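Okay, structure first, notes after.
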Amino acid sequence: MLAHRPDIKSELKETLAQALQALGLSELPEIIVQETPAGKEGDYGTPIAMSLARALRKAPPQIAADLVQNIQLPPWVRRTFVVGGYLNFELDPAFLVQAATLPIKPFPPTEGKVLLEHTSVNPNKELHVGHLRNICLGDSLARILRYAGRRVEVMNYIDDTGRQAAESLYALRYFGLENPPAGTKYDHWVGDAYVRLHQELENPEKKATIEQGVQETLHRLEAGELRPEVDKILRSQLQTMYRLGAEYEALVWESDIVREGLLGQAMKALEGSPYVSRPTEGKYAGALVMDTSAFIPGLEDPYLVLIRSNGTSTYTAKDIALQFWKMGLLQGIKFAEYDTQPSGARLYSTHPQGTLMPFGGASETINVVDARQSHALRVVQASLEVEGRHDLAEQCFHLAYETVLLEGRQMSGRKGIVVSVDEVMDEAVRRVRAVIAEKNPDHPNPQEAAEQIGVGAVRFAMIKTEAKKQIDFRYDQALSFEGDTGPYIQYAYARAGSILRKAEEQGVLQEEADYAQATAYEIILAKNLLRFPEAAQDAARNKAPHIVAQYLLELAAAWSSFYNAKTPDGKSATPVLTAPPGLRGVRLELVKALRQTLQQGLALLGLQAPEVM
RNA sequence: GCACCCGUAGCUCAGUGGAUAGAGCGUUCGCCUCCGGAGCGAAAGGCCACAGGUUCGAGUCCUGUCGGGUGCGCCA
């Protein structure tokens, strides 16, 4: 037998390709192999004969029949059928089921490094559910890419010289709020002050004073004088990110990018380009502008200001400098150790007194950013074209996610119309504890399980929908533990574990499997297990974590159906522990494979797999 | 005005050009003498927004129309 779970579809494709060559086809079409729909003959099938009908000037069933004559099928294909235009294969059930119980083959490492930026929350208030989608998507994608063999560096950008940070820090001084009362998380304390300041701004008499104070704070931030204040907020925010399960390799502070001269270097490089100019008259007189028309067609005004006529740089200019650094066009930022993350991994941060470290210089970048920033990211990409680096521009990917509404309404950080991530996780965990108290009052460790399940429910709710779809955050939906949810998958895992524990108690855990006894029930479960590597691969290729989420729902559902299956007279059709000896071994092996696959899949989404729920 | 994204069951969503369009929630009806009911089975519910086109084959690709969202500042 094989050492790893085989990729049955790929092997069938390979076999078909050889048969097509035997038929004398010079050009091979794309070969598709898929599972047959329920009720059709065979396990896997291909529509290849239909796509060849025109080129070969023959009817599809005839082509399929010719293929069967010329094909060297693997020994595990038991029969072939020509159904309509399809060519279907029926597999040896013993092979199919045993194949599903084998360990998953690791993906081979691939060349190059991916720099994935996510989170990048302004360090001025607590995280809200809009940020939640960003973190869950980014963190899950990083896990999926690593699993698929990519080398991934996760970066979190700290905009410490922005207006938001200045407003928050000034608000603390303005209201005289130095230290939060015990029990108040610092980022919430600062966020409340920020919202209050915006209320105060409604008052015309106070506006001028506040504006002056904010400007002054902004200058001090740019000079790096308030770094400890920003740091205090950031560390408070990091606690939320860690609780969600997100970790990073490096924090990159905007002030460090500027101070180390990267912004200046980037602008200097761009100034040499024919697309960059400094008009002496007209709308942009005195500013440094970039013409993007050659790379972003259809714009009314393709000019983009990099340096204003007053000498200050725009946001986009800083983003361009950062992107240049990410892709190795600029070097020289220093890093220092910043924190030890919950997993034990070190977190590094840019730092004035740090040392040079091998961060940046990636061959591919992924920016997890709100879809509303699409234009800005297009411009950053265009700046690489302006530099003559079409090759690098092609390797920039914007993972754009749509807005998160709150109970059907737009959120507003300034007005305080938000739900914080801390609040959502607390509420989720509280609700799970109530469920555990009701369903499993003797739970050995309810607090730990509630944390894993509650946070898992939140993460899963953020990941299960495609990123480009707008989602509406509703408490009752996001914190539901029934149906298409994280807890549903975790429950399937816990149930499987329960069976294995009992098997161990009864001393049958290592019983030998007789795969010849496998039935249709085992085959369905096995086919679902065999799909895992493909789902992971698809998710990595399309940079779409929801593919893994959807797959896990299907796998958990297949398993739930399996262990609930009943014979017509109402008895269990698929008992594991009380099955006849050889069949019991088969089922136990399947349950082990299921546990391993669910655990791996949950890990790709950053969800824990609790042993008991 | 121009550009990007979305439109699939009452609601929320899956569905790499292939077979009879699938889940969850909600509704109705069943299932705990049986490995954990956060579960399972069944029923009802669809001109896949609309109109053309490409294709052996379109929910999927192209064009247009209509709805919904978003973006297009020397703001940050």
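From a predicted model like this one, the values you see are computed outputs, not experimental measurements. Residue numbers begin at 1 in each chain, while the letters A, B, ... track the order of the sequences.
Protein chain A touches strand RNA chain B; the 5'-most and 3'-most nucleotides with an atom under 4.0 angstrom of its non-hydrogen atoms are B/G1 to B/A76.
Comparing B/C47 with B/C11, their P atoms sit 12 Å apart, to the nearest whole Å. Atom P of B/G17 sits at a distance of 34 Å from the matching atom of B/G26, rounded to the whole Å. Comparing the same atom, P, in B/U63 and in B/C2 gives a spacing of 15 Å after rounding to whole Å. One C1' atom belongs to B/G18, the other to B/U55, and the distance between them is 12 Å to the nearest Å. Atom C1' of B/G46 sits at a distance of 15 Å from the matching atom of B/A14, rounded to the whole Å. Distance check on atom P: B/C62 versus B/G10 gives 28 Å, rounded to whole Å. As rounded to the nearest Å, B/G57 and B/A44 have C1' atoms that lie 31 Å from one another. Between the P atoms of B/A9 and B/G59, the separation comes to 15 Å (whole Å).
Looking at heavy-atom distances under 4.0 Å, A/Y488 makes contact with sugar-phosphate atoms alone, never a base. Note on A/S309: a base of the nucleic acid sits closer than 4.0 angstrom, heavy atoms only. Among the protein residues, A/K283 comes within range of the nucleic acid bases, having at least one heavy atom under 4.0 Å from a base atom. Using a 4.0 Å heavy-atom criterion, one finds that A/E300 contacts the bases of the nucleic acid, with or without backbone contacts as well. Among the heavy atoms of the strands lying under 4.0 Å from A/S51 is at least one base atom, whether or not backbone atoms are also near. Residue A/T36 is classed as a base contact, given a heavy-atom separation below 4.0 Å to a base. Across all strands, A/G84 comes closer than 4.0 Å to no nucleic acid atom at all (heavy-atom distances). As judged by a 4.0 angstrom heavy-atom cut-off over every strand, A/Q490 is placed among residues making no nucleic acid contact. Among the protein residues, A/Q506 comes within range of no part of the nucleic acid, since none of its heavy atoms lies under 4.0 Å from any strand. At a threshold of 4.0 angstrom between heavy atoms, the contacts of A/K502 are confined to the sugar-phosphate backbone, with no base atom among them. Contacts of A/V612 with the nucleic acid, taken as non-hydrogen atoms under 4.0 Å apart, include base atoms. A/A317 comes within 4.0 angstrom of no nucleic acid atom, judged by non-hydrogen atoms across all strands. A/R54 comes within 4.0 angstrom of sugar-phosphate atoms only, judged by non-hydrogen atoms across all strands, and of no base. Counting non-hydrogen atoms under 4.0 angstrom, A/I436 reaches a base of the nucleic acid.
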Which pairs of donor and acceptor atoms, one on a side chain in residues 289-298 of chain A, lie under 3.5 Å apart (sequence neighbours left out)?
{"from": "A/D291", "atom 1": "OD1", "to": "A/S293", "atom 2": "N", "distance (Å)": "2.9"}
{"from": "A/D291", "atom 1": "OD1", "to": "A/S293", "atom 2": "OG", "distance (Å)": "2.8"}
{"from": "A/D291", "atom 1": "OD2", "to": "A/S293", "atom 2": "OG", "distance (Å)": "3.4"}
{"from": "A/T292", "atom 1": "OG1", "to": "A/P302", "atom 2": "O", "distance (Å)": "2.9"}

Contacts table for residues 537-545 of chain A: side-chain donor-acceptor under 3.5 angstrom, sequence neighbours left out:
{"from": "A/D538", "atom 1": "OD1", "to": "A/R541", "atom 2": "NH2", "distance (Å)": "2.5"}
{"from": "A/N542", "atom 1": "ND2", "to": "A/D538", "atom 2": "O", "distance (Å)": "3.1"}
{"from": "A/K543", "atom 1": "NZ", "to": "A/E364", "atom 2": "OE2", "distance (Å)": "3.4"}

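Residues satisfying the salt bridge (Lys or Arg N to Asp or Glu O under 4.0 Å) criterion with A/K469, sequence neighbours excluded, are A/E466. For A/F473, the ring-ring contact (aromatic ring centres under 6.0 Å, His included) partners two or more places apart in sequence, or in a different chain, are A/Y475. For A/Y401, there are no ring-ring contact (aromatic ring centres under 6.0 Å, His included) partners at least two apart in sequence or on another chain. Residues satisfying the ring-ring contact (aromatic ring centres under 6.0 Å, His included) criterion with A/Y170, sequence neighbours excluded, are A/Y174. Not counting sequence neighbours, A/K566 has no partner by the salt bridge (Lys or Arg N to Asp or Glu O under 4.0 Å) test. Partners of A/F107 by ring-ring contact (aromatic ring centres under 6.0 Å, His included), not counting sequence neighbours, listed by chain and number: A/Y147.
Comparing A/A287 and A/P37 along RNA chain B, the residue whose closest nucleotide (by nearest heavy atom) sits nearer the 5' end is A/P37. Comparing A/A371 and A/R163 along RNA chain B, the residue whose closest nucleotide (by nearest heavy atom) sits nearer the 5' end is A/A371.
Ion pair A/D43/A/K527 flagged as a salt bridge, since at least one NZ, NE, NH1 or NH2 atom sits closer than 4.0 Å to an Asp/Glu carboxylate oxygen. A salt bridge links A/E611 to A/R595: one of the charged nitrogens lies within less than 4.0 Å of a carboxylate oxygen. With respect to A/E534 and A/R531, no salt bridge is recorded, no charged nitrogen being found less than 4.0 Å from a carboxylate O. The pair A/D370-A/R372 counts as a salt bridge, with a side-chain nitrogen and a carboxylate oxygen less than 4.0 angstrom apart. No salt bridge links A/E211 with A/K207; every basic N to acidic carboxylate O contact stays at or beyond 4.0 Å.
For residues 562-590 of chain A, the ring-ring contact (aromatic ring centres under 6.0 Å, His included) pairs, not counting sequence neighbours, are A/W559-A/F562, A/W559-A/Y563.
Secondary-structure annotation of RNA chain B gives the stems B:1-7 with B:66-72, B:10-13 with B:22-25, B:27-31 with B:39-43, B:49-53 with B:61-65, with a stem taken as at least 3 successive Watson-Crick or G-U pairs whose two distances both fall under 3.5 Å.
An anti orientation is assigned to B/C62, its glycosidic angle lying beyond 90° of 0.
Near RNA chain B, defined here as any heavy-atom distance below 4.0 Å, the residues from residues 545-565 of chain A are A/H546, A/Q550, A/S560, A/S561, A/Y563, A/N564, listed numerically.
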